[in-house]
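Just below is one structure, and these are the notes that go with it.
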Amino acid sequence: GENVEQHPSTLSVQEGDSAVIKCTYSDSASNYFPWYKQELGKGPQLIIDIRSNVGEKKDQRIAVTLNKTAKHFSLHITETQPEDSAVYFCAAGSNFGNEKLTFGTGTRLTIIP
Amino acid sequence: EAQVTQNPRYLITVTGKKLTVTCSQNMNHEYMSWYRQDPGLGLRQIYYSMNVEVTDKGDVPEGYKVSRKEKRNFPLILESPSPNQTSLYFCASSSRTGAWTEAFFGQGTRLTVV
């Protein structure tokens with residue numbers, strides 16, 4: 001089955017600096033890669049996703065890049081703000097056969113004011 | 001408001017006492033799933049359902065049961081809970097008529113089995 005590895009597990013960044021979280025996946029059939037943000041006491045919430053026919057996607061301060069050849073994708077947050085502090089999860093899913101969305105182990109991002 | 005509702009939010013129970021965690025969504029989504037979240041292990045899928053009466057095992061199904069008799073509801077059943085099922089549980093739903101779309105998560109159920 002699919003295996004998603006996520007690094008780092010914790011990340012502290014000065015407010016205003018950029019943060020990068022990286023994930024690798026094992027199943028070449030995976031074609032959907034979402035990123036979820038989980039704030040304290042809440043369920044995960046989608047912040048951005050990318051499909052395998054696209055190499056990069058941006059939404060204001062958030063961007064995701066995908067390298068299908070290397071089987072890795074990354075989340076980039078620029079101009080970080082205190083409200084970006086949360087746990088972030090990457091995930092990988094396929095439309096064919098395996099109907100599961102497999103999550104990484106999470107990254108706790110702390111923005112230092 | 002589009003939402004996934006789980007109940008209860010917190011539950012403390014004793015080993016062996018059957019319990020059910022309910023999950024309901026109001027978005028007419030076909031796909032529903034249950035995850036457990038444990039420190040250092042991320043979100044692991046327990047069971048999922050592609051539609052009414054269609055369920056399948058996820059990565060950690062042992063000790064759990066589910067049913068999907070109605071499209072909006074997907075309860076998680078622990079027939080004989082054990083302490084290693086102490087965890088934070090999330091229900092999620094998404095539209096899956098074709099490609100993957102956004103999964104909406106409930107607020108979570110923190111279960112403690114003593």
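All values below were derived from every heavy atom in this structure, side-chain atoms included, with hydrogens, water molecules and symmetry-related copies excluded. So you know, we letter chains A, B, ... as the sequences are listed, proteins then strands, and number each from 1.
- Under the 4.5 Å side-chain heavy-atom criterion for grouping Ile, Leu, Val, Met, Phe, Trp and Tyr, B:W34 is connected to B:V60 within one hydrophobic cluster.
- Looking at B:R44, neither its backbone nor its side chain comes within 4.5 Å of chain A, counting heavy atoms on both sides.
- No more than 12 heavy atoms of other residues, nucleotides or ligands sit less than 6.0 Å from atom NZ of B:K65.
- Both A:V54 and A:I48 belong to a common hydrophobic cluster when Ile, Leu, Val, Met, Phe, Trp and Tyr are linked at side-chain heavy-atom distances under 4.5 angstrom.
- Within residues 37-45 of chain A, the residues that have a heavy atom under 4.5 Å from a heavy atom of chain B are A:Q38, A:G41, A:K42, A:G43, A:P44, listed by number.
- No chain of hydrophobic side-chain contacts below 4.5 Å, direct or via other Ile, Leu, Val, Met, Phe, Trp or Tyr residues, connects B:Y48 to B:V21.
- If you measure heavy-atom distances from B:L43 to chain A, the contacts under 4.5 Å come from both the backbone and the side chain.
- Taking a 6.0 Å sphere around CZ of B:R9, one finds it holds more than 12 heavy atoms contributed by other residues, nucleotides or ligands.
- Few gaps surround CD on A:E56; more than 12 heavy atoms of other groups in view lie less than 6.0 Å from it.
- Looking at B:F104, neither its backbone nor its side chain comes within 4.5 Å of chain A, counting heavy atoms on both sides.
- A:Y36 and A:L75 fall into different hydrophobic clusters, where Ile, Leu, Val, Met, Phe, Trp and Tyr residues are linked whenever their side-chain heavy atoms come under 4.5 Å apart, directly or through other members.
- Your options are B:V4, B:L88, B:T101, and the one with the most heavy-atom pairs under 4.5 Å with chain A is B:T101.
- For the atom pair CZ (B:F90) and CZ (A:F103), the distance works out to 10.5 Å, reported to the nearest 0.5 Å.
- If you measure heavy-atom distances from B:A92 to chain A, you find no contacts under 4.5 Å at all.
- Taking a 6.0 Å sphere around CD of A:Q60, one finds it holds 12 or fewer heavy atoms contributed by other residues, nucleotides or ligands.
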What side-chain donor-acceptor pairs closer than 3.5 Å can you find for residues 107-114 of chain B, not counting sequence neighbours?
unit_1, atom_1, unit_2, atom_2, d
B:T109, OG1, B:Q6, NE2, 3.1
B:T109, OG1, B:P8, O, 2.6

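- Across B:D56, B:D38, B:D59, the residue that shares the most heavy-atom pairs under 4.5 angstrom with chain A is B:D59.
- In this structure, A:L101 and B:Y35 have side chains that are in contact, with non-hydrogen atoms separated by less than 4.5 Å.
- In this structure, CD in B:Q37 is found 11.0 Å from OG1 in A:T105, a value given to the nearest 0.5 Å.
- If you chain together hydrophobic residues whose side chains sit under 4.5 Å apart, A:L66 and A:I47 fall into the same group.
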